[in-house]
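Whatever order the structure lists ligands and atoms in, that order sets their numbers, starting from 1. Only heavy atoms go into these numbers, but all of them, side chains included; no hydrogens, no water, no symmetry mates. Sequence positions, counted from 1, serve as the residue numbers for this chain.
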Amino acid sequence: MRTILQVDKLTKRFDPEAPPVVNDVSFDVEDGEIFALLGPSGCGKTTTLRCIAGFEAADAGSIVLQQRMLTGPGVHVPPEQRGVGLVFQDFALFPHLTVLENVMFGLPEKPKPEREQRAREALKMVGLEGFGDRVPHHLSGGQQQRVALARTLAPQPGLILLDEPFSNLDALLRQGTRQEVRTLLKEQGMSAVLVTHDQEEALSFADRIGVMRHGQIEQVGTPEAVYYQPRTLFVAQFLGRTNLLLSQAAGCEADTPLGRVSLNRSAEGTVLLSLRPEHLTLEAPDHGVGPVGEIVGRAFKGHDITYEVECDGSQYLVHTHNRMPYHPGDSVAIRPLESAVVLESRTTPRDVPTGAVEQVEG
Ligand code: ATP
């Protein structure tokens, strides 16, 4: 795969007294890849996107798109000359222009018949061929989002930047539109950078994710890698609920409050481990090899059940299929199904309580 975008050691600060808002951020995007910057509010993802778009000048670092330096020492290509398309949260459609005119608006420097043809082609790409004469408020939210996308695609940009593009759609429409937009970008072979604070959106929409916190990228990887193999406590917690185990590691195994478990990588001494609720299961106490606990909570969710189990003063979350027959008050043994993940903790592992931890809000 060819690298299309290289962001290298990008740094941006607004307040000289405060730490940079974007602090030494580096990542690459491959040709045809959808890359998501995921992180909580204020972590610097929009500022990173605005630096790529050229709306913000960087203090240090470089941005290279299709082998052309857009941002670098003494270089700042203006936004309109970057060959980058933008899709915003509010769609930014002109209410008094028709759908066709809105799409043509993205193609100002060409003769009108050429612009019209290109705009019609772009509307066809997004499945809105017959909608050119309507005004935006006669379309559904999902259709308006597709018009915004058609306007961005029409000038054939080298890269598309999507800033929380689905957050104005209601939950049901959001999921469908997300899937449609992903399919469309893939059909067109477009490369894109998505900014979002929504874990599920990043996991289902992107090919790779950069998880950001305090202006830095903590981990880059496929959705599976960042979810199943989080490198840090923050990544483990930001991508979902998990169980933390303060343990003594010796090579590929560790002694934990849930008994001896295998590890995803070799480690020595005191370590903090993460085990997702679906990587644990429950057994009758006489069958289990793990320690015995008591069910203290049960959330039946149709296709699955999440149990809260108290064991030696700590609570653990165990996510099982919907046929597990346990109820509050039952004694159970907890058994890990997968290797535990060794976290690179930036705090002293001793500061972190053992047991279930909730997902950090985005
Ligand atoms: P959100 O999801 O809430 O938009 P974000 O991760 O995209 O968050 P940014 O918008 O990049 O975060 O903002 C990062 C930090 O930089 C915030 O503390 C914000 O207040 C600050 N910031 C952003 N733009 C400016 C600006 N023009 N001047 C001063 N501070 C700014």
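Atom 3 (O) of ligand 1 has its closest protein heavy atom at S41 OG, 2.6 Å. The shortest contact between atom 10 (O) of ligand 1 and any protein heavy atom is with T46 CB, 3.6 Å. Of the protein's non-hydrogen atoms, the one nearest atom 18 (O) of ligand 1 is G42 O, 4.3 Å. The nearest protein atom to atom 2 (O) of ligand 1, hydrogens excluded, is given as K45 NZ, 2.9 Å; this is a heavy-atom distance.
Taking the six-membered ring wherever Trp is involved, the centroid distance between the rings of Y228 and H279 falls below 6.0 Å.
There is no side-chain donor-acceptor pair under 3.5 Å between Q175 and Q179. In the model, E33 has no side-chain atom that pairs as donor or acceptor with a side-chain atom of S191 under 3.5 Å. No hydrogens or angles considered: a donor-acceptor pair under 3.5 Å links the side chains of Q229 and N264.
Judged by the 6.0 Å distance and 45° axis criteria, R276 is positioned over the aromatic ring of Y227.
When heavy-atom distances to ligand 1 are checked against a 4.0 Å cut-off, H197 has no atom that comes that close, whether in backbone or side chain. Of the heavy atoms in V21, only side-chain atoms (C-beta onward) come closer than 4.0 Å to ligand 1.
Considering only non-hydrogen atoms, atom 13 (O) of ligand 1 lies nearest to T47 out of L37, T47, V22.
For ligand 1, none of its N or O atoms has an N or O atom of F14 under 3.5 Å away. Polar contact check, V195 against ligand 1: no nitrogen or oxygen pair lies under 3.5 Å apart.
The shortest separation from a heavy atom of P40 to ligand 1 is under 4.0 Å, placing the residue in contact. Residue contact annotation: G39 has no non-hydrogen atom under 4.0 Å from ligand 1.
Closer than 4.0 Å to atom 20 (O) of ligand 1 lies none of the heavy atoms of the protein. Of the protein's heavy atoms, at least one falls inside 4.0 Å of atom 26 (C) of ligand 1.
The side-chain hydrogen bond (donor to acceptor under 3.5 Å, both in side chains) search around E164 returns H197, not counting sequence neighbours.
Ring geometry for Y307 versus Y326: interplanar angle over 60°, hence perpendicular rather than tilted (30 to 60°).
Side-chain atoms of L273 and V341, non-hydrogen and from C-beta on, never get closer than 4.5 Å to each other.
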Is there a salt bridge (charged side-chain N to carboxylate O under 4.0 Å, His left out) between D255 and R260 once you walk through the steps? CA-CA 5 Å; D255 284 321; R260 182 160 278 255; 3.2 Å; yes
